[in-house]
K.L.:
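Sharing a structure with you now.
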Amino acid sequence: MTATAISLRGVSKHFGPVRAVDELDLEIADGEFFSMLGPSGSGKTTVLRLIAGFEDPTAGTILLGEDDVTRRPAFARDVNTVFQDYAIFPHMTVLQNVEYGLRVKKVAKAERRQRATEALETVRLGGYGERRPHQLSGGQRQRVALARALVNRPKVLLLDEPLGALDLKLRREMQIELKEIQREVGITFVFVTHDQEEALTMSDRIAVFNEGRIEQLATPVELYDQPASAFVAGFVGTSNLLHGEAARQVVGEDGTFVIRPEKVGLGPESQDVPADAAGLCVAPGVVREVVYLGASTSTVVELDAGPTMTVSHPNTDTTIDAALERREQRVVLTWRRDHLVRLAEPVATEKETA
Ligand code: ADP
Ligand code: MG
């Protein structure tokens, strides 16, 4: 069994009437790449700050490894934090920046030099040590910030939306690199993001946050294929929700169901629906919108049964003209019954209030 790096037991943090974190139980394993995903204001940063020791919990216990650190000050916890607005000193070289923390801790010069050089190599900045921060790109500066944390060899690294300031292309590259670096160094990473794609790309496990609580804690694949609630289904990827009368008509059952856009076939109204109709859901409707996205096309269909559904298909054989021609056409959507996910119901929009 893997050891536990971080445990939160019944942890709450209230700011006046705001329950930023609400009775949270959470265990993060040693060496795990663990992400906290959720909309703005859902409590992610507060959880990181509680782990780091920058906030005191209103209730509950925090352990690092076996040690209860609930009352331990931040500087005495074996964790480091990397923020989005990384503070690197403009008047120091890259190497001096990375060495800085070790200098403060009075680590001898030769060891300092060696560890800082190693940390720069780990973040793919070997050879950049003598540069000044203004001679680096945004992505490189973010790597310096990462090296500054890694040089301390913490057991746990906390990262609060560290890629948020980078443009999309660079962010994608850094996602892959950061994951590689984490594997190499083997440090437990706790990564906060509001970007579902980022979380799905990088994480071993993801906790989806909503209003200070965890809606679901699972692997990326489980979150996508088996969302536990409408909130998770809507937040992680695009999803179509069928419930009430529409579910009765289209699925033939009562309940709340999720179907992903890429699982839904789209054909002309005149098509022959396959003989194996028992294993299929069939829903006629009208195309209301076509969004051509280069690699794929998203089509919004208003079902005769009521709701609208978004379907998504790669443009392997589809031209933009063929896609756009479907506007306002009648079509039939089909999907496999076993691709439907039934949600535990009813979908509560409001939590029980104590
Ligand atoms: P996230 O990082 O998911 O965006 P936060 O943890 O920053 O969320 O915030 C969670 C909630 O707690 C929000 O409603 C926020 O306004 C509130 N909050 C966070 N820090 C403070 C603070 N220092 N004082 C008062 N309210 C705060
Ligand atoms: Mg935040």
Side-chain angles (χ1 to χ4, degrees), residues 5 30-36 45 48 51-52 74-75 77-193 195 197-204:
D30 240 345
E32 191 169 22
F33 198 120
F34 188 89
S35 291
M36 301 197 282
T45 294
L48 274 200
I51 296 170
F75 68 83
R77 299 189 189 189
D78 197 3
V79 300
N80 269 87
T81 310
V82 178
F83 301 100
Q84 176 181 323
D85 40 3
Y86 36 88
I88 50 179
F89 304 122
H91 58 286
M92 290 185 192
T93 66
V94 166
L95 190 68
Q96 286 165 345
N97 260 286
V98 177
E99 272 184 70
Y100 179 78
L102 299 178
R103 219 169 78 202
V104 172
K105 285 190 205 157
K106 310 246 188 295
V107 174
K109 183 164 183 183
E111 186 186 342
R112 234 158 62 198
R113 227 353 91 90
Q114 195 206 333
R115 279 170 63 178
T117 305
E118 273 173 27
L120 281 172
E121 273 160 18
T122 303
V123 301
R124 325 312 190 219
L125 283 181
Y128 284 74
E130 294 314 309
R131 294 219 191 174
R132 302 267 164 183
H134 74 267
Q135 295 170 306
L136 301 177
S137 68
Q140 288 168 335
R141 279 204 289 274
Q142 186 53 280
R143 282 178 229 210
V144 175
L146 184 61
R148 264 179 53 163
L150 291 175
V151 80
N152 297 311
R153 298 178 183 156
K155 280 192 93 79
V156 171
L157 194 61
L158 308 174
L159 303 105
D160 196 352
E161 315 231 6
L163 309 182
L166 306 178
D167 66 51
L168 185 62
K169 187 163 181 291
L170 191 56
R171 205 158 80 215
R172 293 225 167 106
E173 287 168 20
M174 282 296 288
Q175 285 165 10
I176 293 167
E177 263 185 34
L178 203 54
K179 175 76 198 169
E180 282 173 7
I181 290 170
Q182 190 267 340
R183 266 199 215 108
E184 281 171 34
V185 296
I187 293 173
T188 307
F189 275 32
V190 184
F191 186 91
V192 162
T193 181
D195 179 343
E197 189 191 300
E198 188 157 287
L200 292 174
T201 308
M202 303 172 75
S203 318
D204 295 317

K.L.:
Do you know the tightest heavy-atom contact between Arg77 and Ile51?
P.N.:
NH1-O, 3.0 Å
K.L.:
Between Gln140 (side chain) and Leu125 (backbone), is there a donor-acceptor pair under 3.5 Å?
P.N.:
no
K.L.:
Can you find a heavy atom in the side chain of Lys155 that is under 4.5 Å from one in the side chain of Val79?
P.N.:
no
K.L.:
With side chain to side chain donor-acceptor pair (under 3.5 Å) as the test, pick out the partner of Glu177 among Gln182, Arg143, Arg124.
P.N.:
Arg143
K.L.:
Using 0.5 Å steps for rounding, measure from the CD1 atom of Ile88 to the NE2 atom of His134.
P.N.:
11.5 Å
K.L.:
If only atom types and distance count, is the side chain of Arg132 paired as donor or acceptor with the main-chain N or O of Val94 below 3.5 Å?
P.N.:
no
K.L.:
Nearest 0.5 Å, what's the CD-OG1 distance between Glu180 and Thr122?
P.N.:
12.5 Å
K.L.:
With sequence neighbours left out, what residues match Gln114 under side chain to side chain donor-acceptor pair (under 3.5 Å)?
P.N.:
Glu118
K.L.:
Between Arg183 and Asp204, is there a side-chain N and carboxylate O pair less than 4.0 Å apart?
P.N.:
no
K.L.:
Under 3.5 Å, which donor-acceptor pairs do the side chains of residues 186-193 form with other protein atoms, sequence neighbours left out?
P.N.:
{"from": "Thr188", "atom 1": "OG1", "to": "Gly31", "atom 2": "N", "distance (Å)": "2.9"}
{"from": "Thr193", "atom 1": "OG1", "to": "Asp195", "atom 2": "N", "distance (Å)": "2.9"}
{"from": "Thr193", "atom 1": "OG1", "to": "Glu198", "atom 2": "OE2", "distance (Å)": "3.2"}

K.L.:
Show the nearest heavy-atom pair for residues Asn80 and Pro154, with the distance to one decimal.
P.N.:
OD1-CB, 3.5 Å
K.L.:
If you measure from OG1 on Thr201 to NZ on Lys179, what distance do you get to the nearest 0.5 Å?
P.N.:
10.5 Å
K.L.:
Taking only residues two or more places apart in sequence or in another chain, which ones pass salt bridge (charged side-chain N to carboxylate O under 4.0 Å, His left out) with Arg113?
P.N.:
Glu99
K.L.:
Answer yes or no: is there a side-chain heavy-atom contact under 4.5 Å between Leu178 and Leu146?
P.N.:
yes
K.L.:
Evaluate side-chain contact (heavy atoms from CB on, under 4.5 Å) for Met36 paired with Leu48, printing each intermediate quantity in order.
P.N.:
CA-CA 9 Å; Met36 301 197 282; Leu48 274 200; 3.8 Å; yes
K.L.:
Any chance you could measure Leu150, atom CG, to Glu184, atom CD, to the nearest 0.5 Å?
P.N.:
10.0 Å
K.L.:
Could you pull out every donor-acceptor pair under 3.5 Å between side chains of residues 103-111 and any protein atom, sequence neighbours left out?
P.N.:
{"from": "Lys105", "atom 1": "NZ", "to": "Asn152", "atom 2": "OD1", "distance (Å)": "3.3"}
{"from": "Glu111", "atom 1": "OE2", "to": "Arg115", "atom 2": "NH1", "distance (Å)": "2.9"}

K.L.:
Are the side chain of Arg112 and the backbone N or O of Leu102 linked by a donor-acceptor pair below 3.5 Å?
P.N.:
no
K.L.:
Taking salt bridge (charged side-chain N to carboxylate O under 4.0 Å, His left out) as the definition, give me every residue that meets it alongside Asp78, ordered by chain and number, with sequence neighbours left out.
P.N.:
none
K.L.:
Could you tell me the separation between the CG atom of Leu159 and the CD atom of Glu161, rounded to the nearest 0.5 Å?
P.N.:
11.0 Å
K.L.:
Considering residues at least two apart in sequence or located in another chain, which fulfil the salt bridge (charged side-chain N to carboxylate O under 4.0 Å, His left out) criterion with Arg148?
P.N.:
none
K.L.:
Please give me the minimum heavy-atom distance between Arg171 and Leu166, naming the atom from each residue.
P.N.:
NH1-O, 3.6 Å
K.L.:
Which atom pair, heavy atoms only, marks the closest approach of Leu157 to Ala149?
P.N.:
CD1-CB, 3.4 Å
K.L.:
Measure across Leu120 and Gly129 and return the closest heavy-atom pair with its distance rounded to 0.1 Å.
P.N.:
CD1-CA, 4.0 Å
K.L.:
So which heavy atom on Ala145 is nearest to which on Val82, and how close?
P.N.:
O-CG2, 4.2 Å
